[in-house]
Amino acid sequence: MAMFRSFVVVLASAGLIALSTTTLIAQQPKWTIGMSQCNLGEPWRVQMNADIKRAAENHSELKVVFKDAQNDNLRQSAHVEEFVRAGVNLIIISPKEAAPLTGPVASAYKNGTPVIVLDRRVLGSDYTCFIGADNKKIGFAAGRWIAKTLGGKGKVVELKGLMTSTPGQDRNSGFREGIKGTDISIIFEADMKWLEPNARKEMESALARSQSIDLVYAHNDPGAHGAYLAAKAAGCEKSMKFVGIDALPHEGQMYVRQGILSASFEYPTGGKEAIELALKILNGEKVPKEVTLPSRVFTRDNIDRGGELLGN
Ligand code: FRU
């Protein structure tokens, strides 16, 4: 027994094993996951990476290597190719735009590297699994909520996410469906590419044309906040409402609590679910092609109750 203990101590001090009283556990991770993030300039993406990291930390058999493409499609394509060349066991990608990332994802997948596509889509179906909330449904719910809040009529500004990314397209088309048949008119629309400074500039243009705006619908909370800042600078933020999407606790939900946003629709990062799915894939289990995450709406009235689940 004494000999066994000293053998264990030697190995443990060499950092080769984890020690329990009866078992020796290999410390080397069995699998490496390459995570390709399109940018880390936005709080929501920082949260996605943190969710992935936290979920993976519970699994000593996993190692996750993160790469940040800094909002550059070419750099993100190169990252996917680097992961394949390095022989990672699985790739998770949250792509910047659908078309430019479709080729690299498809060729990784066809060459035998499983690929989980997270949040924004690629074109076609050459990937292992897609995880994300239903952006059309969120846009539709936002449209219905806005129509109800404005009593069926009013002037709305729509600040769109990147329209070459699928959430931007779906949050737009869902919203337009949601306000169909009402007397709501979109008096100004612009692509703010998900970024608060762009949204602020676009809102300045909208205000230069008309100050009689009832509500701003932005495809994410940074966009809604940028519009709010522009309206505040023009001294008219109290005469209009702001609605966004994402509802991070320390961003959108906080803005709702502060009375800056009237509503924020949750867009979960899917980081935890991506790791759960990755483990299944790596263990040879079958996974669905598509995993749709639920979403909640947060308003002043329901935020203390934890928001409300979007129905079907
Ligand atoms: C962050 C972000 C989020 C948005 C998501 C859509 O880059 O713009 O605010 O919900 O991407 O893909």
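Since the model is a prediction, treat every value here as computed from it, not as a measurement. Values below: all heavy atoms of this structure, side chains included; hydrogens, waters and symmetry mates excluded. Count residues from 1 along the sequence. In listed order, ligands and their atoms are each counted from 1.
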Which is it for H219 and ligand 1 at heavy atoms under 4.0 Å: side chain, backbone, both or neither?
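No part of H219 is near ligand 1 at this cut-off.
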Below a 4.0 angstrom heavy-atom separation, can you tell me which part of M192, side chain or backbone, both or neither, approaches ligand 1?
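It is neither part, as no heavy atom is under 4.0 Å.
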Using heavy-atom distances only, which candidate in Q47, E42, R45 approaches atom 11 (O) of ligand 1 most closely?
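Shortest heavy-atom distance from atom 11 (O) of ligand 1: R45.
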Considering only heavy atoms, which of D246, N220, L162, D119 lies nearest to atom 10 (O) of ligand 1?
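Among D246, N220, L162, D119, the closest heavy atom to atom 10 (O) of ligand 1 comes from D246.
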Could you label the plane-to-plane angle of the Y217 and H219 rings as parallel, tilted or perpendicular, counting under 30° as parallel and over 60° as perpendicular?
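Answer is tilted, since the angle falls between 30° and 60°.
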Do the rings of Y228 and F242 sit parallel, tilted or perpendicular, given the 30° and 60° boundaries?
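The rings of Y228 and F242 stand perpendicular, inter-plane angle above 60°.
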Of all the heavy-atom pairs spanning K137 and G311, show the shortest one and how long it is.
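Shortest heavy-atom contact: CE-O, 3.0 Å.
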So does R45 pair up with D119, basic N to acidic O under 4.0 Å?
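Salt bridge between R45 and D119, a charged N being under 4.0 Å from a carboxylate O: yes.
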To the closest 0.5 Å, what do you measure between CD1 (I303) and CZ (R296)?
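The CD1 atom of I303 sits 11.0 Å away from the CZ atom of R296.
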Yes or no: does R171 have any heavy atom under 4.0 Å from an atom of ligand 1?
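It does, in that a heavy atom of R171 comes within the 4.0 Å cut-off of ligand 1.
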For ligand 1, is I245 a contact, meaning one of its heavy atoms is under 4.0 Å away?
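For ligand 1, residue contact (heavy atoms, under 4.0 Å) with I245 is absent.
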